[in-house]
Amino acid sequence: MGINDYFLSLFSNHTVDETASLVPHVVGAIRSALLATLAAGARTVVATGMPPLGCAPYMLALFPGDYDRVTGCDTRLNALAELHNGELKRTLDELRRAHPGRSLLYGDVYCTIRAAVTSPAKFGFGDAPLAACCRGGGGPYNFKFTTFCGAPGSTACADPSKSISWDGIHFTEAANRPQC
């Protein structure tokens, strides 16, 4: 939860700092959903953190910014994801204390995707870790919002397991394997 909230804020020409002001509200909505899930009787719940937004091809293509020299990812967008994840972890700690006997787990996709982008060969990915496998945009991210995967003009890579991003928005099954 939350990726679309942050994306829509950025897409509405809000700055990353303005968008960061949404973090307490977004994590508050996640907290409410977790409480409702616990109230319904759930014993174990996994809350997935935010992936590194600055490593997602669609974010890189739409919001050019300040790039990390090692990964090519946008540092401002990754800082937003890290802020969200820190707040989510604090919220989960609070809920664990308030609900002993329940298992509230944190799913860390940030570390997994960041590790894959930082060292793609180590994890079996190709030499263009920030490019979408299936899209039609060309350029370093192979992303254009108007050319969806499967639409005329789009193409798919031969082996999606060698790509980190499937369509520029979603990560591949291979990228979601725990790396950390």
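Since this is a predicted model, take the numbers as computed values, not measurements. Along the sequence shown, the residues carry numbers beginning at 1.
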Heavy-atom closest pair, residues A115 and C180: CB-SG, 4.2 Å
Output yes when D93 and R90 qualify as a salt bridge under the 4.0 Å nitrogen-oxygen rule, no when they do not. no
Is there a continuous path of hydrophobic side-chain contacts, each under 4.5 Å between heavy atoms, that joins L104 to V26? yes
Does the side chain of D68 reach to within under 4.5 Å of the side chain of R114, using non-hydrogen atoms? yes
Sub-3.5 Å donor-acceptor pair from the side chain of N142 to the main-chain atoms of A132, do we have one? yes
So do R102 and V45 actually touch side chain to side chain, heavy atoms under 4.5 Å? no
Any chance you could measure E82, atom CD, to E87, atom CD, to the nearest 0.5 Å? 14.5 Å
Donor-acceptor pair, T37 side chain versus A33 backbone, under 3.5 Å? yes
Transitively linked via ILVMFWY side-chain contacts under 4.5 Å: V23 with L88? yes
For A81 and P51, the nearest pair of non-hydrogen atoms, with its separation, is CB-O, 3.3 Å
Sort out for me which residue in L77, L62, L53 forms a side chain to side chain contact (heavy atoms under 4.5 Å, CB included) with L10. L77
When every non-hydrogen atom of G54 is compared with those of L60, the smallest separation belongs to O-CD2, 3.2 Å
I would like to know whether Y6 and L22 meet side-chain contact (heavy atoms from CB on, under 4.5 Å); could you show each step before the answer? CA-CA 8 Å; Y6 301 134; L22 297 175; 4.1 Å; yes
In one Ile/Leu/Val/Met/Phe/Trp/Tyr side-chain cluster, 4.5 Å: W166, F125: no
What heavy-atom pair brings S9 and T19 nearest, and what distance separates the two atoms? OG-OG1, 2.7 Å
To the nearest 0.5 Å, tell me how far F143 CZ sits from M59 CE. 10.5 Å
Side chains of D108 and T112: closer than 4.5 Å at any heavy-atom pair? no
Evaluate T118 against V70 for side-chain contact (heavy atoms from CB on, under 4.5 Å), listing each step before the verdict. CA-CA 7 Å; T118 301; V70 174; 4.3 Å; yes
S165 and L130: CA distance, side-chain angles, deciding distance, side-chain contact (heavy atoms from CB on, under 4.5 Å) verdict: CA-CA 7 Å; S165 176; L130 299 177; over 6 Å; no
May I ask you to decide if D66's main-chain N or O and T75's side chain share a donor-acceptor pair within less than 3.5 Å? yes
Atom NE2 in H84, atom NZ in K89: separation rounded to 0.5 Å? 10.5 Å
Answer yes or no: is there a donor N or O on one side and an acceptor on the other, between the side chain of R135 and the main chain of T147, under 3.5 Å? yes
Considering only the SG atoms, does C157 lie under 2.5 Å from C133? yes
Out of curiosity, T48 OG1 to I3 CD1, how far, rounded to the nearest 0.5 Å? 9.5 Å
Main chain of G28, side chain of S32: is a donor-acceptor contact present, judged purely on distance under 3.5 Å? yes
Show the nearest heavy-atom pair for residues R97 and P100, with the distance to one decimal. O-CD, 3.7 Å
Mutual orientation of the aromatic rings belonging to F63 and F7 [parallel < 30°, tilted 30-60°, perpendicular > 60°]: perpendicular
May I ask you to test the Y106-N85 pair for a side-chain heavy-atom distance under 4.5 Å? yes
Are M50 and M1 connected in a single hydrophobic cluster, I mean Ile/Leu/Val/Met/Phe/Trp/Tyr linked by side-chain heavy atoms less than 4.5 Å apart? yes
Using a 3.5 Å distance criterion without hydrogens, assess whether the side chain of Y67 forms a donor-acceptor pair with backbone atoms of G65. yes
Heavy-atom check, side chain of T172 versus side chain of S161, under 4.5 Å: no
Name the orientation class of the two ring planes belonging to F145 and Y58 (parallel below 30°, tilted from 30 to 60°, perpendicular beyond 60°). perpendicular
Side-chain heavy atoms of T71 within contact of P129, under 4.5 Å: no
Check the pair I30 / T91 against side-chain contact (heavy atoms from CB on, under 4.5 Å), numbers first and verdict last. CA-CA 9 Å; I30 294 169; T91 297; over 6 Å; no
If hydrophobic clusters are built by linking Ile, Leu, Val, Met, Phe, Trp and Tyr wherever their side-chain heavy atoms come under 4.5 Å apart, do L92 and L105 end up in the same one? no
